[in-house]
Amino acid sequence: MNLFIFATVNHWLIKSEPFKYSWSQFEKDQSTFWDGVRNYQARNNLREMKIGDLCLFYHSNEGKEVVGVAEVIKEHYPDPTADDEQWLVVDVKPKMKLRNTVTLAQIKSDSRLSNIGLIRQGRLSVIKLSKEEFNIILSLSEN
DNA sequence: GCCAACGTTGGC
DNA sequence: GCCAACGTTGGC
């Protein structure tokens, strides 16, 4: 009988325009609440996030590349920047900066990632990833 | 700056 | 409940 309980770690990709909030600012802050989500699907993804979940940090618009990995350190609570209680944030902290960034072009050109939410639903700002997709992107950053 | 892909709003 | 009009995101 196995008495160990293995937490299920989920994987995500979160987008930020570096002009608004960049990875380097994130590293300076050491943690932040992920605010400004005003889309139901993205909100639902935030609600699913658990402590210890890992998020790829993607720079949209400028850069268009994955730059680091963040870890969820506090589960969802109402977005302090919203007037409406229905919008949520989670707290995240930087876990690891990628040795090399992984560009959208690289992701698009990798056949193993052809079904990734980042491409399928380009406008969604909080995207669920499979463990495989997450690991493939990390491996691309090692090249 | 343009535009595709969505999401939201509001008239009916 | 449908759909046209409009707004937003984000790649190009």
Side-chain angles (χ1 to χ4, degrees), chain A residues 4-143:
Chain A
F4 291 110
I5 296 169
F6 293 99
T8 313
V9 176
N10 286 311
H11 300 85
W12 311 90
L13 183 145
I14 54 180
K15 289 183 184 176
S16 182
E17 295 183 47
F19 176 71
K20 289 181 186 157
Y21 194 80
S22 67
W23 174 265
S24 57
Q25 185 61 47
F26 188 35
E27 281 190 333
K28 275 182 210 150
D29 294 345
Q30 278 306 300
S31 77
T32 190
F33 53 86
W34 202 258
D35 66 322
V37 170
R38 300 288 184 274
N39 166 286
Y40 292 111
Q41 210 181 335
R43 191 273 316 267
N44 292 345
N45 285 339
L46 287 180
R47 194 163 50 199
E48 265 190 68
M49 286 187 183
K50 301 291 181 209
I51 288 174
D53 280 4
L54 299 174
C55 309
L56 295 177
F57 191 116
Y58 176 80
H59 279 165
S60 62
N61 271 314
E62 287 173 57
K64 285 168 279 181
E65 56 192 7
V66 178
V67 289
V69 179
E71 181 181 346
V72 177
I73 55 171
K74 184 177 178 186
E75 291 170 17
H76 65 88
Y77 58 97
D79 186 337
T81 70
D83 349 325
D84 190 334
E85 283 276 301
Q86 68 166 324
W87 302 117
L88 306 173
V89 296
V90 297
D91 284 0
V92 287
K93 70 169 185 191
K95 187 174 180 68
M96 179 181 83
K97 184 177 182 173
L98 296 189
R99 175 131 50 99
N100 299 297
T101 62
V102 179
T103 65
L104 180 63
Q106 281 176 277
I107 291 169
K108 278 189 164 174
S109 65
D110 193 308
S111 61
R112 295 170 298 172
L113 298 173
S114 58
N115 210 30
I116 197 170
L118 180 64
I119 298 168
R120 267 199 353 266
Q121 270 187 289
R123 295 176 55 224
L124 191 59
S125 60
V126 181
I127 298 163
K128 192 165 194 173
L129 300 178
S130 70
K131 193 171 94 183
E132 290 71 25
E133 290 164 342
F134 182 89
N135 286 329
I136 289 166
I137 291 172
L138 282 193
S139 72
L140 292 175
S141 77
E142 299 296 320
N143 295 334

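Atom set for the values below is all heavy atoms of this structure, side chains included, hydrogens, waters and symmetry mates excluded. Computed from a predicted model, the values in this text were never measured in an experiment. In what follows, chains carry the letters A, B, and so on, assigned in the order in which the sequence lines appear, proteins first and then strands, with residues in each chain numbered from 1.
Other residues, nucleotides and ligands contribute only 12 or fewer heavy atoms inside 6.0 Å of the CD atom of E85(A). In the displayed structure, F19(A) atom CZ is contacted under 6.0 Å by at most 12 heavy atoms of other residues, nucleotides or ligands.
Within the 4.0 Å cut-off from OP1 or OP2 of dG11(C), at least one side-chain nitrogen or oxygen of Y58(A) is found. Phosphate proximity of dG10(C) to K15(A): present, with a side-chain N or O under 4.0 Å from OP1 or OP2.
Using a cut-off of 4.0 Å between Lys/Arg side-chain N and Asp/Glu carboxylate O, D79(A) and R38(A) are scored as salt-bridged.
Residues D35(A) and V89(A) approach most closely at CA-CG1, 3.5 Å, considering heavy atoms.
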Sub-3.5 Å pairs of nitrogen or oxygen atoms, protein against nucleotides 2-5 of chain C:
none

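Donor-acceptor pairing under 3.5 Å is recorded for the side chains of D84(A) and Q86(A).
Straight-line distance from the CZ atom of R120(A) to the P atom of dG10(C): 16 Å, rounded to whole Å. Regarding N39(A), its CG atom lies at a distance of 10 Å from the C1' atom of dT9(C), rounded to whole Å. Nucleotide dG11(C) holds its P atom 7 Å from the CG atom of L118(A), rounded to whole Å. One can place NZ of K20(A) at 9 Å from C1' of dT9(C), the figure rounded to the nearest angstrom. Rounded to an integer number of Å, the gap from Q121(A) CD to dC6(B) C1' is 9 Å. Rounding to whole angstrom units, OH of residue Y40(A) and P of dT9(C) are separated by 15 Å. Look at CD1 on I119(A): it is 16 Å from C1' on dT9(C), rounded to the nearest Å. Across the protein-nucleic acid pair, I116(A) atom CD1 and dG10(C) atom P stand 15 Å apart, rounded to whole Å.
Nearest nucleotide to the K108(A) side chain, out of dC12(C), dG7(B), dG10(C): dC12(C). Listed nucleotides: dC6(B), dG11(C), dG10(C). Nearest to the side chain of S125(A): dG10(C). Comparing dC6(B), dG11(C), dT8(B) by their closest approach to the side chain of R123(A) singles out dC6(B).
The residue R38(A) sits apart from the nucleic acid: no heavy atom pair falls under 4.0 Å.
In this structure, L138(A) CG and H11(A) NE2 are separated by 8.0 Å, a value rounded to the nearest 0.5 Å.
Ring pair Y58(A)/W23(A): centre-to-centre distance not below 6.0 Å.
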